[in-house]
Every structure is written in C-alpha cells, then in structure tokens.
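All values below were derived from every heavy atom in this structure, side-chain atoms included, with hydrogens, water molecules and symmetry-related copies excluded. Along the sequence shown, residues are numbered consecutively beginning with 1. Owing to the predicted nature of the structure, the values given are computational and were not obtained by experimental measurement.
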Amino acid sequence: MKIVLALIVVIPFLGFIINGVFGRWITRDRSGLIACSTVLLSMLLGLMSVLFLAQEPIDQRLFETRFFVWIETGPLQVDIGFQYDPLSAIMVLIVTGVGFLIHVYSIGYMEHEQSYARYFAYMNLFTCAMLVLVLADSFLLMFVGWEGVGLCSYLLIGFWYTKKSAADAGKKAFIVNRIGDCGFIVGIIVICAIFDSLDFTEVFTTLSAHELLLHKEFPLGISLITLISLALFVGAIGKSAQIPLYVWLPDAMEGPTPVSALIHAATMVTAGVYMVARCHALFLMSGTALQIVALVGGITAFWAATIAVMQHDIKRILAYSTISQLGYMFLGCGAAAFSAGIFHLMTHAFFKALLFLGAGSVIHALSAEQDIRKMGGLRHKLPTTYWVFLVATLAITGVPGFSGFFSKEAILWSVYTGVPDQGLSGLLWLIGLISAGMTALYMFRLFFITFSGKTRIEAECYHQLHESPNIMLIPLIILAFFAFSGGYLGLPELLGGHNIFQNFLEPVFAESAWSMGPVSVINHSHVIESLFMLITVLVTAGGIVLAAVMYHWKTDIPGKLADIFPGIYGLVRNKYYIDELYERIIILPVRRISERFLWKLCDITLIDGLVNGCARVIYSTGAIVRLITNGSIHRYVSALVVGFIGFLIYIVILLH
C-alpha cells in the first residue's frame, strides 16, 4: 500500500515534469496522451486501493505510511507521510476520476491552443497538489498541498496571461486565498504549540488529554478550541469561496473552461470542505464553531443563489452556483453531518463538472461566446450537449431520482435534526429550502435561455453550428451517467436504501463520537422526514415552474419586473456592489498607504535616501582623492619631493 499511495501522487507529477520540461519537443498528441494517461493510472491505483480498503474490517480501515523525517526540532517531528482511510479514498477517486475526464475533454477543447504542453503540465501539477492535500497525514503536509493548488489556480486562471482580465483574475484568486491562508497558518501554529505535533492521528487521539486547556475561555469568552476551529475555517472560507472571501471565484472564469471544471468540481474549492471534515474532531468540541460554519454556509448558499439569478455569462452563473453549493456542504458540516457534506461534495463533482464541460461545448460551438442573451434554440444544433446539460440541471436542482436530490435532502434533514439550537436549526433549514428553490430558478433560467425558444444567433452562424467532437462528448456522457446515478450510493433508509456512502465513511467520523458534547441529534419519525422531503420537492418544482413561465413562455416578465423594481434589479445585477465596496474600503486605502507611506516615505525618502546618501559621500570623497591621483607623473614626483622635504623638517624639529 505504501508504494501504491506514493505512485498515486508521483505519476501525475511525472506528467508535469515531462510536459513542463520537454513539452516543446513533444508532439501535441503525445503531450495530451501523457497528461491523460498519468491521471488515468492514478485513478486505477485509487480504485485498487479502495477495493483493498473495503476488504479490511471496518475498525481497521486506516493505513498510515511514513517515507522520511521532514522536520525535527525539539519535541516536534514532522514526517512526509500519507494517511489513507475511507475519506481519503473517496477524495482520491473524485480528484482522479473527474480529473481524468476533464483532461480527456481538454484534448478537444484546447486543440488549437499554442501553449498545449504548458496547459497539460499545469493540469497534472494541479492534480498532484490536490492528491497531496487529501492524502497528507499532517497539517503541515496538507498545507503544502493547500498552497500547491493555490499556485496552480493562479497559473491556470491566468493561463492566457497576455489578456489583462485573465492576468488580473489570477492575481485576485492568489491574493484572496492568501488572506484565508493566514487563518489556516494561525490554526496550525496554535495546534503545534499545544500538542507538540502536527500529525493528524496524534492530535486527534490526544484531544481528551488537553480538554481542560482547550475549553479554557479567553477574556472575550472564546475558548481555545473555538479559536483553533475558526482559524482553520478562515482558511476554508478562502479556499472554498464563502462569504466574505468568495469574490475571487467568479473572476476565475477567465481561465479555459476545463480549468473552471477542474477547480469547481474536483479540486481546489472542495479542499476547504475536505479540511473541515478531516478536522471534524476539533469542530465537534466547539458548538460555537459548528454554528458559525453552518451560518456562513447557509448565508453563502442563499447569497450566491440570488446573484446567479441575474447573471448573463454562462460560466459566471455556474460559478455563483458553485459558491452556493459549497455553502450547502458547509451547512451540512456545521450540523455535524460530515458524511452528508462529503456526499454532496461527491455528487456536486459529477454534475458541476458536467455543467461546466457542457457550457464549454456551447462556447466551443459559438466561437467563445458566453452571453446567454446571444444564444437560444441550441437544442436542435447541439442535441447531445442539450441532453447531458439537462441531466446536470436536473441533478443540481434536486429533482427526485437524480443525484443532487439525495445529497441535498441529507443535508437539509441533518440541519433540522442536528443543530442543537432549535431556533437556529429551523432558520438554517428555511434558508437551505429557499436556496434550493432559487437553484431551480437560476439553473432552468440558464437552460431555457440557452437551449430553447427562438435563437438569437445570426442566421448564417446558426446554420453553421455543429456538435462538439467525440473526444469532448464521451466525457460528458460518462459524467451524465454519474450525475444521475451517483446519489443512489447514499439512498436513505426512508426510501428503502442502506446509505452505503455513509456506512463507508462511518469509521472516519465515528472515532470522535466521544467529543460530540455540543451536538445533539434529534430523532424524528419517517413520517416527519417524508413531510420535509415533500416540502423540498414542492419548492424545487415551484422554482422550475417559475423559470419556465418567466424564461420560456412569458419571456417579457423579467423586463417588466426590472422596470417595476429598478433598485433591487440593479443591486442584485451588480452583485450587491461587493467588489466595488472592497475596492473602496480595502484596496484603495491599502494602495494609498503603500504609495504615500511605504513607497514615497519609507522606500524613496528613507531607504533610497540612505543608500543614495552613502553613495554621495563616497562619490565626494572620491572626487577629492581624484584631484590628487590624476595620473600626472610630474605631480606625483613633486608631491613626493614636498613630502620628503616636509618629513626632513619634521625630523630636524624633533632633534632640536
């Protein structure tokens, strides 16, 4: 198992090295083949590892490997090692499985790209960094993968770096994530100070021994365990684009569409959810931290959904959809339903990858057009894309029978029964319910405007439209299958299932059951659960019907509503002016301080003044010396004679 886990990470890294170093001498076909085959090999090794893991007894499904000592100082020792358990296994399969399909799709989508090898090198490195993150056995090694995916996101979002908007988007993603990473670093430092270790197993198994210290309250009434949990969660807020650090993700659409799919579905944005789930033992010790996680997730789910309703860029709609769905995942984790959160992470990986790649198929056919107002009637020209996009839309909407239905229901039910504060649980459930209805509204708005009705494409261009090549369609069809069927792994007992997914993850999350002090799970009958499920289905159906009325049958309604409520329309259409607010209260003051104080005063006046002052002193001294040492021999001889005479006079004076 040790060698297998190492190969899962190393093989994509080899693909990065080959394409990154030797790409200019490799043909385009071989470059794509190398990138795809390395991820495929990792996926096959991941499948083999899962089968091996499943054969072990439930209480022994944990493999820890150590390769070598990385850092050793005083009592602290950090090894380079991997931890493989059901949670890691699921994440490895998601990263490599969905990542492989995106790599294959990229061969067709990036066919005419000049920097072909560079693109696939970055994609392989992205996959490798995410695998390090999910397999790491310590906080510090996880942070290496954490920063690795941050670097790769910068490289891939700004892949077309000659385009200013792409370069700016890459910088924005990198800077905003560094803000979140500050919290993550604080959490790691405090953990190291308390436990003298950063190893997951050692920290989580010794929590009870430090319980008194961890629950000691600071003057503000915040316990140490709450501080640690919230510091880690700040990192998750940045990486997984939650309020208030979500602003980088919509701009990340400047990168190639397969990059968007990889970031949103399989890698970077899911890292925050995975980290919270991995550190569940810490969060379970703090009811305050859990409630904040749930609140942030719920508010983000609703906030992003409202913005998505008003967007016109097909990729930005999906970007805000991702932010909203990530909010759902944190909502589940905040209710201590970590299995439900990871379950939605998995189903979301399938249908969100399908949505982005389907959008890429549309963009590919329309020669890079992304405004849905310039689309319409594409059903007949892109039939395969139409059907797979419909499957993905039904899945993310939560229509019964599709994967998103099962994972969303698991989260909403867990929120209502798992949050100890009954008032808060009802509020969060209502927020999640409304967000589900809004998801149906904005997704079917996107679907109807893009694929149905009269086309708004010029007649000449419309007749020339054609379906994407098979290299792009086959991954879409495979993802459509999983977007439909993936949810049945978590079929609840209410619907006659055994929730295989939750049972598989049980060894991971059952280990910390002792620490579930602030969490109380309320048992309800299946009748109540069925009623809540019916309410969710009706709200979802209402969202679909409303979208059909407004954007398929009576398409003049949105315009009339905008005229009636221009203030609200403008506010939401402009994304609540959050970017402008950040520009005014954060970016401009920082820029002015940097320009007037750090640059003009500190840099130019003090540093440059000191350096240039020293240079001027030396230059002046040299000028004086230069008058004497001017290269004239007779002046040197004259000076020597004068000096000798002066020396003789000095000697005579001394003798007398």
task = Give a yes-or-no answer on whether the side chains of Ser435 and Tyr328 include a donor-acceptor pair shorter than 3.5 Å.
result = no
ask   = Is there a donor-acceptor contact under 3.5 Å linking the side chains of Tyr442 and Ser321?
value = yes
inquiry  = Which residues pass the ring pair (Phe, Tyr, Trp, His ring centres under 6.0 Å) test with Tyr386, not counting sequence neighbours?
reply    = Phe447, Phe451
inquiry  = Test side chain to side chain contact (heavy atoms under 4.5 Å, CB included) on Phe406 and Phe343; report intermediate values, then the result.
reply    = CA-CA 9 Å; Phe406 301 105; Phe343 184 33; 4.0 Å; yes
When rounded to the nearest 0.5 angstrom, what distance separates [atom1] in [X] from [atom2] in [Y]?
X      : Y      : atom1 : atom2 : result
Leu494 : Trp413 : CG    : CH2   : 9.0 Å
Phe350 : Leu101 : CZ    : CG    : 9.5 Å
Leu33  : Arg28  : CG    : CZ    : 14.5 Å
Lys575 : Gln311 : NZ    : CD    : 6.0 Å
Leu441 : Ile434 : CG    : CD1   : 13.0 Å
Met268 : Leu133 : CE    : CG    : 10.5 Å

Could you tell me which non-hydrogen atom of [X] sits nearest to which non-hydrogen atom of [Y], and how far apart they are?
X      : Y      : value
Ile307 : Val572 : CA-CG1, 4.2 Å
Pro400 : Val537 : CG-CG2, 3.8 Å
Gly432 : Leu331 : CA-CD2, 4.4 Å
Ala365 : Leu382 : CB-CD2, 3.9 Å
Leu156 : Met123 : CD1-SD, 4.1 Å
Lys315 : Gly255 : NZ-O, 3.0 Å

Decide yes or no for [X] and [Y]: does some side-chain heavy atom of the first lie under 4.5 Å from some side-chain heavy atom of the second?
X      : Y      : value
Ile457 : Glu369 : no
Pro256 : Trp160 : yes
Lys172 : Asp579 : yes
Leu378 : Leu366 : yes
Phe532 : Glu409 : no
Asp371 : Asp313 : no
Ile544 : Val399 : yes
Ile102 : Pro475 : no

message = Using side chain to side chain contact (heavy atoms under 4.5 Å, CB included), reason through Glu111 and Ile471 one step at a time and then give a plain yes or no.
response = CA-CA 11 Å; Glu111 180 181 5; Ile471 194 70; over 6 Å; no
[X] side chain to [Y] backbone, donor-acceptor under 3.5 Å:
X      : Y      : answer
Thr267 : Met130 : no
Tyr122 : Phe159 : no
Thr455 : Gly376 : yes
Ser403 : Gly486 : no
Tyr105 : Leu357 : yes
Thr306 : Trp303 : yes
Gln370 : Ile363 : no
Ser240 : Thr270 : no
Asn499 : Gln502 : yes
Arg178 : Phe174 : yes

key: Residues Asp168 and Lys171 bridged, charged N to O under 4.0 Å   = yes
key: Ring-ring centroid check Phe448 Phe444, cutoff 6.0 Å   = yes
ask   = Do Arg118 and Phe120 meet the cation-pi criteria used here (NZ or CZ under 6.0 Å from the six-membered ring centre, within 45° of the axis)?
value = no
task = Could you tell me whether Lys381 sits above the aromatic face of Tyr462, with NZ or CZ closer than 6.0 angstrom to the six-membered ring centre and within 45 degrees of the axis?
result = yes
Please check if atom [atom1] in [X] has more than 12 non-hydrogen atoms from other residues, nucleotides or ligands closer than 6.0 Å.
X      : atom1 : answer
Phe482 : CZ    : no
Tyr161 : OH    : no
Tyr582 : OH    : yes

message = Does Gln242 form a side chain to side chain contact (heavy atoms under 4.5 Å, CB included) with Leu326? I'd like the steps, not just the answer.
response = CA-CA 8 Å; Gln242 298 294 282; Leu326 288 166; 3.4 Å; yes
request  = Over 60° means perpendicular and under 30° means parallel, so classify the ring planes of His364 and Tyr109, tilted if in between.
outcome  = tilted
key: The single option from Trp387, Phe402, Phe351 passing ring-ring contact (aromatic ring centres under 6.0 Å, His included) against Phe484   = Phe402
query = What residues form a side chain to side chain donor-acceptor pair (under 3.5 Å) with Ser165, not counting sequence neighbours?
reply = Glu254
key: Trace of the side-chain hydrogen bond (donor to acceptor under 3.5 Å, both in side chains) decision for Ser407 with Thr347   = CA-CA 7 Å; Ser407 56; Thr347 60; 2.9 Å; yes
Test log, rule side-chain hydrogen bond (donor to acceptor under 3.5 Å, both in side chains), inputs Lys352 and Thr322 = CA-CA 8 Å; Lys352 186 49 61 70; Thr322 298; 3.0 Å; yes
task = Step by step, work out the side-chain hydrogen bond (donor to acceptor under 3.5 Å, both in side chains) result for Thr300 and Tyr246.
result = CA-CA 9 Å; Thr300 303; Tyr246 69 92; over 6 Å; no
query = Checking side chain to side chain contact (heavy atoms under 4.5 Å, CB included) for the pair Met550/Thr555: CA distance, chi angles, key distance, verdict?
reply = CA-CA 5 Å; Met550 295 176 65; Thr555 55; over 6 Å; no
